[in-house]
Amino acid sequence: MGEFRTMKYDPQILESKWQAFWEKEGLFKSTEDPSKEKYYLLEMFPYPSGRIHIGHVRNYTIGDVVARYMRMRGKNVLHPMGWDAFGMPAENAAIENNTHPAKWTFDNIAAMKKQLKRMGFSYDWDRELATCDPAYYRWEQLVFLKMYEKGLAYKKKTHVNWCESCQSVLANEQVEDGCCWRHTDREVTIKEMDSWFLKITEYADEILDYCQRLPGWPERVLTMQKNWIGKSYGAIIRFPMDGSDEVIDTFTTRQDTVFGATFLCFAPEHPLVKEIVKGLPQEKKVTDFVERTLKMDSYMRTADFTAKEGVFSGRYCINPVTEEKIPIFVANFVLFEYGTGAIMAVPTHDQRDFEFAKKYGLKLRVVIQNPDGNLDEETMAEAYVGEGTLVNSGPFNGQQNLAALDNIAEYLESKGMGHKTENFRIRDWGISRQRYWGAPIPVIYCDRCGTVPVPQDDLPVVLPLDLDMRPNGGSPLPFEPSFYKTTCPECKGDARRETDTMDTFVESSWYFDRYTCPDYHEGPLDPERVDYWMPVDQYIGGIEHAILHLLYSRFYTRVLKDFGYLKVREPFTKLLTQGMVCKETQECETHGLLYPYEVKEGLCVHCQTPVKTGNTVKMSKSKRNVVDPQDLIDQYGADTLRMFCLFASPPDRDLEWSDQGVEGSYRFVNRLWRLVVDHLEGLQAVGSYEGEGGLSEPLEALHRKTHQTIKKVTSDIENRFHFNTAIAAIMELVNEINQFLNSNEEKDQIAWSVIREAVTSVVVLLFPVVPHITEELQSMLGLDQSLVETPWPEHSEEALKEQKRLVVLQVNGKLRSKIEVPASYGKDEIEAEALADERIQRFTEGKAIKKVIVVQKKLVNVVV
RNA sequence: GCCGAAGUGGCGGAAUUGGUAGACGCGCUAGGUUCAGGGUCUAGUGGGCGCAAGUCCGUGCGAGUUCGAGUCUCGCCUUCGGCACCA
């Protein structure tokens, strides 16, 4: 009876057994060993929300397969895990549940850690870190001080993005479609505020340049980063004001059209606007317009459906090449942050300028004639943006416009009217957050000494934990004298601490470095260890960080390198962006969107009416189309869940959730279990076949299939991360083993040895995917060594050799027959055999054979 | 509008270099397990015609290259992402 019970597949029992074993033996601990080739595998660390979701499961399962595989390949693998532990949800939850963000965070970490352990992921938990730990963020504060020293961190008053839900400023990267990336229904407004910035623009050119040197990154991530950096080549052209010494700098990429510039536009925010209208009759009108425009939220103002609008400033400037007096406008479509915040307007060759000029009756002058030569400012209905020959352009008439770009830039430069330049779209990274649960910015403000950095010896500036949250949100720090009241490090007088905290993306910009030496206390990074492990060989995470975390990390890594903390310039050699997990939504007419557990047999559990199935979209609580990994673990075990996540689609594609698919994976795991358990006697009685020869044809086929599978699985994992096809190949082998077992073939010693070879191969190959059951089967098979320490198998070329080969026969490219030929046959013999084939003769009868194409050992095509 | 990816059975997906389209799994059908159900095993399963052997059609649509195209080229359609007044 007892024995019968152990023979049943019980994932709950055997999974915890093996998890305990791995932990006790410390099999996933990694230590630096210069004699071994290192492999640093990293998955994006989670925000400790309290429970793992299915996206984590997929991400971390993919990573775990690679980690376990690489370990079996003999690599010294680093596979750490930790917590992105600062951030606003902790503050909200604390207010809601009347607790403290720290307690909430640490409780969540404990709960999620338990879940990750239950999934059997092979992390080195000794390297665990939480970014809210002062022992972590103190080094970030140190780096901040060094950046401040070098001018890479600076404070300025400027127009910033404000999210009312976050009660905080956001960086440009954190605004999507005019909304906060965390609150997609909350429009961002523009506020003028004092904010700290990190000078990512200093590295923009290099980061862009290195996009060419990251062959291990997905093209679309690099494209997104290139677009975000937005480098363009052009010129600064200087327009002197009429009747004053003031000069207006404009940026253009189209200096070839400068002779057609018939007016100039300022962005509403431009500081010169106020100055030049002072005392003019237009002053009120202009200031009203500026105020009205700036009140609009940034999304509305810059949306392309917003009409181009502007107001005449009452002042003129001089086009430096035509010496013509041209009017100055203030226009809503001109961006202050891009270029110089002022543009020369060429209505004939820029559609925006064209619309603006038509609206306000401004002058047009064609300066690029199209190839038909019929372009006329009187009749044109839209701007001509194509190529052509310069006209009305003084000394440049007759030149091709593109060829003239450089010539005109040089001409401007020689006359002191401008110069060639490059411009970037990316702006500096605003890191001030008006939040409590973040790393304090280590700065002190003194009325006498101004902005004073906290002395390095006084670090860390610890975030105080013993204070009360403010009931209606907002940071308590500015209301906490024990925190903000301090003395000036320079004059020792009364001073005030900075109460803003850092963007949590600062923490995630270097956590991967810190994993290499989380216990180091002499500085941010232990040079020896960080140099051994960095860079990360393979990074795995969601595409949503394409231009957030991934761009910030590339910047921060360069800063650390320039400060001498690191030797690498790029943090992540290879990047895999896994797809989203999706599921169809379900909706009841009266009860709205339903969770899966609210639907029984297609009916709403509340009212028994049929449920409407909606689109398949990314799993999210708001769509209610979520499954809880914990429920799946409880029902099927971690192995089944891992198996399904890998089998349902390749990792970079979206995964469509299917309850039936999970059932299918569970069935396979059970089939694998029975394959060993039901034949234990035969399997235990022999050793694995090792290619000593003398096999019957069916046994040789099974032996060959075993080695074909080893070869296929290895290349699928190694070259493409296509775990779905790797698993499919193993399933095929399992099917063949079962077929042999069910056949009438004699099961003698040698037969069992070949079966054993096949079965042990299945067990080893599947270990990275389903580590618990395979460890159990491995030990049942009498193999003492843990699979963690078992080397990955290598296929034998000898075993792959076939006596006979299948050759496909075609007539005019259509499949007509198949024949088997000895592997030793050459082209001529195969051709002769093909032409002699009965079916081929039937299809070629009475026709002249024009040509015969023979593809060695594969195919013959007879053309008639 | 611009850039990119994708489009293959009832479904998820294979087909890595131009060479048997649909591996593997789900679902479905029939049968066995001497049958409550479930589980499990066996066989079948792209479509049309046919009793059958067969045969024709078939990878979003239309052309092209080729002995041969899911795969390459050109033109369109659809879907999904990203960017979008960036001067």
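Just so we're on the same page: letters track the sequence lines, and every chain starts at 1. The structure displayed is predicted, hence computed values, not measured ones. Computation of the quantities below employed the complete heavy-atom set of this structure, encompassing side-chain atoms and omitting hydrogens, waters and symmetry-equivalent molecules.
Residue A:L859 is the one, among A:L859 and A:F668, whose nearest nucleotide of RNA chain B lies closer to the 5' end (criterion: closest heavy atom).
Rounded to the nearest Å, the gap between the C1' atom of B:G62 and that of B:U78 is 15 Å.
Applying the 4.0 Å criterion to OP1 and OP2 of B:A15, one finds that A:R720 has a side-chain N or O inside that range. In terms of phosphate contacts, A:K814 brings a side-chain nitrogen or oxygen within less than 4.0 Å of OP1 or OP2 of B:C57. Residue A:N735 has a polar side-chain atom (N or O) positioned under 4.0 Å from OP1 or OP2 of B:G25.
Atom CG of A:L806 is separated from atom P of B:G19 by 16 Å (rounded to the nearest Å). Note: CZ (A:F647) to P (B:A14) measures 10 Å, nearest angstrom.
A:V334 comes within contact range of at least one nucleobase, with a heavy-atom separation under 4.0 Å. Contacts of A:V863 with the nucleic acid, taken as non-hydrogen atoms under 4.0 Å apart, involve only primed sugar atoms and P, OP1 or OP2.
Glycosidic conformation of B:G9: syn, with the torsion inside 90° of 0.
At a cut-off of 3.5 Å, with distance as the only test, a side-chain donor of A:T201 or A:D428 sits close to an acceptor on the other residue. Judged by distance alone, the side chains of A:R58 and A:S649 do bring a donor and an acceptor atom under 3.5 Å apart.
Judged as a side-chain hydrogen bond (donor to acceptor under 3.5 Å, both in side chains), and not counting sequence neighbours, the contacts of A:K420 are A:D406. Every residue meeting the side-chain hydrogen bond (donor to acceptor under 3.5 Å, both in side chains) condition with A:W657, not counting sequence neighbours, appears here in chain and number order: A:D659. Judged as a ring-ring contact (aromatic ring centres under 6.0 Å, His included), and not counting sequence neighbours, A:F740 has no contacts. Applying the side-chain hydrogen bond (donor to acceptor under 3.5 Å, both in side chains) criterion to A:E269, with sequence neighbours excluded, gives A:R301. Here A:W217 pairs with nothing under the side-chain hydrogen bond (donor to acceptor under 3.5 Å, both in side chains) rule; sequence neighbours left out. Evaluation of the ring-ring contact (aromatic ring centres under 6.0 Å, His included) rule for A:F333 yields A:F356 as partners, not counting sequence neighbours. Remark: A:Y384 pairs with no residue by the ring-ring contact (aromatic ring centres under 6.0 Å, His included) rule, at least two apart or across chains. Applying the salt bridge (Lys or Arg N to Asp or Glu O under 4.0 Å) rule to A:K583 yields no partners; only residues at least two apart in sequence or on another chain are considered.
Ion pairing between a basic and an acidic side chain is recognised when a charged N comes within 4.0 Å of a carboxylate O; A:R839 and A:D837 show no such pairing.
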Base-contact (B) and sugar-phosphate-only (S) positions in nucleotides 32-46 of chain B, heavy-atom cut-off under 4.0 Å, - elsewhere: --------SSS----
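Counting only Watson-Crick and G-U wobble pairs whose two key distances fall under 3.5 Å, RNA chain B forms stems of three or more stacked pairs at B:1-7 with B:77-83, B:10-12 with B:24-26, B:27-33 with B:39-45, B:46-49 with B:54-57, B:60-64 with B:72-76.
Among the nucleotides B:G54, B:U16, B:C83, the one closest to the side chain of A:R842 is B:G54. The side chain of A:S715 lies closest to B:U16, out of B:U16, B:C86, B:G19. Closest to the side chain of A:A728, from the set B:C24, B:A87, B:G12, is B:C24.
Residues from residues 216-235 of chain A lying near RNA chain B, meaning a heavy-atom separation below 4.0 Å, are A:R220, A:M224, A:S232 in numerical order. Within a heavy-atom distance below 4.0 Å of RNA chain B, the residues of residues 653-660 of chain A found are A:R653, A:D654, A:E656, A:Q660.
A:N401 contributes no side-chain N or O that, together with a main-chain N or O of A:D256, makes up a donor-acceptor pair within less than 3.5 Å.
For the atom pair CD (A:E337) and CG (A:L335), the distance works out to 5.5 Å, reported to the nearest 0.5 Å.
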